[in-house]
Amino acid sequence: MRKGNTANARECALSVLVACRRNGAWADAALKAQLGKCALNAQDAALCSRIVYGVMQNELLLNWYLSAYCTQKLDHLQPPLSDILRIGAYQILFLDKVPDHAAVSESVELCRTNGRSAASGLVNAVLRKACSYDLSTASFKNEVERLMVLGSAGRDVAEFLHKNYPDEALDILTYKADGGMTSLRANPLKGSADELCAKLMASGAKEAKRGIVPGSVLARFEGSPAENELFRQGYFHVEGQASQLAALCVDAQPGETVIDLCAAPGGKTILLAEQMHSTGRLYSCDAAENRVGLIRTAVQRMGLTNDATKVNPALPQADRILADVPCSGLGILAKKPDLRYKKLEPAREAELLATQSAILDTAAQLLKAGGRLVYSTCTIDPAENQQQIASFL
């Protein structure tokens, strides 16, 4: 017997995790599609989202806890039992507001509603024992295995961090982006960051405060920020602190010609337009036509479809250029849990490096003498950052 929307939030989360595992779907897209089908209220949609991202971000750690009491390997269990166990374990270990007994009983209910009633006893027993597991007693073969378990990362990512950031590796893997809050950019045409904080609290946000970057706000919502009426009215757009900083480094001025070479989905373009006070010329480009549509929607101004690896003769010489290039994404593991388990393939890295280099060459040809070029990535791979710039120079 179903117990209302809270139980449905867990069912929705299970559907997303199964889609990611079976079909290789990206978490963001799968979650958005499933929430559209489930029609949960804001609170339950937030619970569903937190479970999905929490399970994916902590999968190997959850596996470690569960394997201590499960006689079978998790991957050998009939689908979707392994994900049901992870959903239950995540709630027990990470969600203080969900009582342990509720997490266990709802996981058992998930077994029954997904045709795995025979396994309900196993799920009940394993989760009850997992509640008392002491991780401090665990021993690891080496530092890479320790990072893989405690930081829930695939071997390739764990080895990369251990090699390049040995002292900070675990902190990087366990870091919560923007302190676990949602980073916003206040629309200066609608008011200051302080005014936005006050309006957000009045509109039902659970928390709102100024961010580190000038003009930014960190907020906590019951559901999606896009559901907030202030978002619909254009008081803010969602953009990470580091992303905002990259655009601010361009220091675009009113009346100038500015190019955003890899602009989709448009957050940095909006900030550049704000810096320019909507005067001058701002060209927002992206190689994928469907992503250019996202820019048009976000800023309601022209977006020029363009492959940034080649000079487009339709583009003018620019005073300032932002090249926020495609990259491995190793700097946003906290926001993109899928990336924690990615394979770091030499051929793919070589392809990325070549693309980044070509975009830099394009930018150099489009830049006026004395102009400013900002190169930014969302990775912490030295080959894509320091070494790439050294090669360009």
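Computed from a prediction, not measured in an experiment: that's the story for all the values here.
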Fill in: Verdict with reasoning, I359 to T355, per side-chain contact (heavy atoms from CB on, under 4.5 Å)
CA-CA 6 Å; I359 291 174; T355 299; 4.0 Å; yes
Practice prompt. Go through S376 and L245 one step at a time and tell me if the side-chain contact (heavy atoms from CB on, under 4.5 Å) criterion holds.
Written response: CA-CA 10 Å; S376 67; L245 190 58; over 6 Å; no
Practice prompt. Determine, stepwise, if the pair R155 / M148 fulfils side-chain contact (heavy atoms from CB on, under 4.5 Å).
Written response: CA-CA 6 Å; R155 181 169 296 279; M148 290 174 67; 3.8 Å; yes
Worksheet item: Do L77 and L85 pass the side-chain contact (heavy atoms from CB on, under 4.5 Å) test, and can you show the C-alpha distance, the side-chain angles, and the key distance before you say yes or no?
Response: CA-CA 10 Å; L77 295 174; L85 283 167; 3.6 Å; yes
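C262 and P326 get closest at one heavy-atom pair: SG-CD, 4.2 Å. A30 approaches A25 most closely through the heavy-atom pair CB-CB, 4.1 Å. Counting all heavy atoms, side chain and backbone alike, V123 lies closest to S107 at CG1-CB, 3.9 Å. The two atoms that bring V258 and A252 nearest to each other are CG2-CB, 4.0 Å, heavy atoms only. When all heavy atoms of N114 and P80 are compared, the closest pair comes out as CB-CG, 4.4 Å. Taking all atoms of both residues into account, the shortest heavy-atom contact from A363 to L261 is CB-CD1, 3.8 Å.
Cluster membership for F392 and L352, using ILVMFWY side-chain heavy atoms within less than 4.5 angstrom, is not shared. Hydrophobic cluster membership is shared by V144 and L60, with clusters built from Ile, Leu, Val, Met, Phe, Trp and Tyr side chains linked at under 4.5 angstrom. In the hydrophobic clustering of ILVMFWY residues, with side-chain heavy atoms under 4.5 Å counting as a link, V98 and L14 come out together. Hydrophobic clustering (side-chain heavy atoms under 4.5 Å, transitive across Ile, Leu, Val, Met, Phe, Trp, Tyr) groups L66 together with L135. Using a 4.5 Å cut-off between side-chain heavy atoms of Ile, Leu, Val, Met, Phe, Trp and Tyr, with links allowed through other members, L218 and L271 fall into different hydrophobic clusters.
Paired with L360 under the rule side-chain contact (heavy atoms from CB on, under 4.5 Å), one option of L373, V325, I321 passes, and it is L373.
Atom NZ of K190 is surrounded by more than 12 heavy atoms from other residues, nucleotides or ligands within 6.0 Å. Other residues, nucleotides and ligands place more than 12 heavy atoms under 6.0 Å from the CZ atom of R21.
Atom CG of L353 is separated from atom OG of S391 by 9.0 Å, given to the nearest 0.5 angstrom. Distance CD/E274 to CG/L248: 9.0 Å, rounded to 0.5 Å. For the atom pair CG (L47) and CG (L40), the distance works out to 9.0 Å, reported to the nearest 0.5 Å. Distance check: N124 CG to K129 NZ gives 10.5 Å after rounding to the nearest 0.5 Å. From L31, atom CG reaches atom OG of S49 across 4.0 Å, with rounding to the nearest 0.5 Å. Once rounded to the nearest 0.5 Å, the distance linking CG of D361 with CD of Q356 reads 12.0 Å.
Pairs passing the ring pair (Phe, Tyr, Trp, His ring centres under 6.0 Å) check and including a residue from residues 155-177, sequence neighbours excluded, do not occur. Within the structure, the ring pair (Phe, Tyr, Trp, His ring centres under 6.0 Å) test picks out the following pairs touching residues 224-258 (sequence neighbours left out): F231-F236. Screening residues 232-244 for salt bridge (charged side-chain N to carboxylate O under 4.0 Å, His left out), with sequence neighbours left out, gives E229-R232. For residues 134-147, the side-chain hydrogen bond (donor to acceptor under 3.5 Å, both in side chains) pairs, not counting sequence neighbours, are D134-S136, E143-R146. Counting only residues at least two apart or on different chains, the ring pair (Phe, Tyr, Trp, His ring centres under 6.0 Å) pairs with a member in residues 75-112 are Y90-F94. Residue pairs meeting the salt bridge (charged side-chain N to carboxylate O under 4.0 Å, His left out) criterion with at least one partner in residues 246-259, sequence neighbours excluded, are E256-R320. Every pair passing salt bridge (charged side-chain N to carboxylate O under 4.0 Å, His left out) that includes a residue from residues 367-391 is listed here, sequence neighbours excluded: D319-K368.
A donor-acceptor pair is defined here as one N or O able to donate and one able to accept, closer than 3.5 Å; no such pair exists between the side chain of D44 and the backbone of A9. Side chain of S105 to backbone of A102: a donor-acceptor contact under 3.5 angstrom is found. Judged by distance alone, with hydrogens and angles left aside, the side-chain atoms of R50 form no donor-acceptor pair with the main-chain N or O of L95 at under 3.5 Å. With hydrogens and angles disregarded, a donor-acceptor distance shorter than 3.5 Å links the side chain of N187 to the backbone of L189.
Checking T269 against D260 by side-chain atom types alone, a donor-acceptor pair falls below 3.5 Å. Using a 3.5 Å distance cut-off with no hydrogens or angles, the side chains of N58 and R86 do not pair a donor with an acceptor.
For the pair T379/N385, a side-chain contact is recorded, criterion being any heavy-atom separation below 4.5 Å from C-beta on. With contacts defined as side-chain heavy-atom distances shorter than 4.5 Å, the pair L322/Y375 does not qualify. Side-chain contact between S192 and E195: present, with at least one pair of heavy atoms (C-beta onward) separated by less than 4.5 Å. At least one side-chain heavy atom of S357 sits under 4.5 Å from a side-chain heavy atom of Q388. Two residues are said to be in side-chain contact when any heavy atoms from C-beta on lie closer than 4.5 Å; D156 and K342 fail this criterion. At a threshold of 4.5 Å between non-hydrogen side-chain atoms, the residues L110 and E106 do not count as touching.
Applying the side chain to side chain contact (heavy atoms under 4.5 Å, CB included) criterion to T182, with sequence neighbours excluded, gives L184, F221, P225, V238. In this view, D324 and K268 satisfy the salt bridge (charged side-chain N to carboxylate O under 4.0 Å, His left out) rule, not counting sequence neighbours. In this structure Q387 satisfies the side chain to side chain contact (heavy atoms under 4.5 Å, CB included) test together with P382, A383, sequence neighbours excluded.
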Atom pairs and distances, side-chain donor-acceptor, residues 334-341, under 3.5 Å, sequence neighbours left out:
| residue | atom | partner | partner atom | Å |
| --- | --- | --- | --- | --- |
| K336 | NZ | D28 | OD2 | 2.6 |
| D338 | OD2 | A27 | N | 3.0 |
| R340 | NE | Q57 | O | 3.2 |
| R340 | NE | S152 | O | 3.0 |
| R340 | NH1 | L173 | O | 3.4 |
| R340 | NH1 | L333 | O | 3.3 |
| R340 | NH2 | G151 | O | 2.5 |
| R340 | NH2 | L173 | O | 2.6 |
| Y341 | OH | M56 | O | 2.5 |
| Y341 | OH | E59 | N | 3.4 |

Determine all donor-acceptor pairs shorter than 3.5 Å in which one atom belongs to a side chain in residues 201-214; sequence neighbours excluded.
| residue | atom | partner | partner atom | Å |
| --- | --- | --- | --- | --- |
| S203 | OG | K199 | O | 3.3 |
| S203 | OG | L200 | O | 2.8 |
| S203 | OG | N228 | ND2 | 3.1 |
| E207 | OE1 | R220 | NE | 3.3 |
| E207 | OE1 | R220 | NH2 | 3.4 |

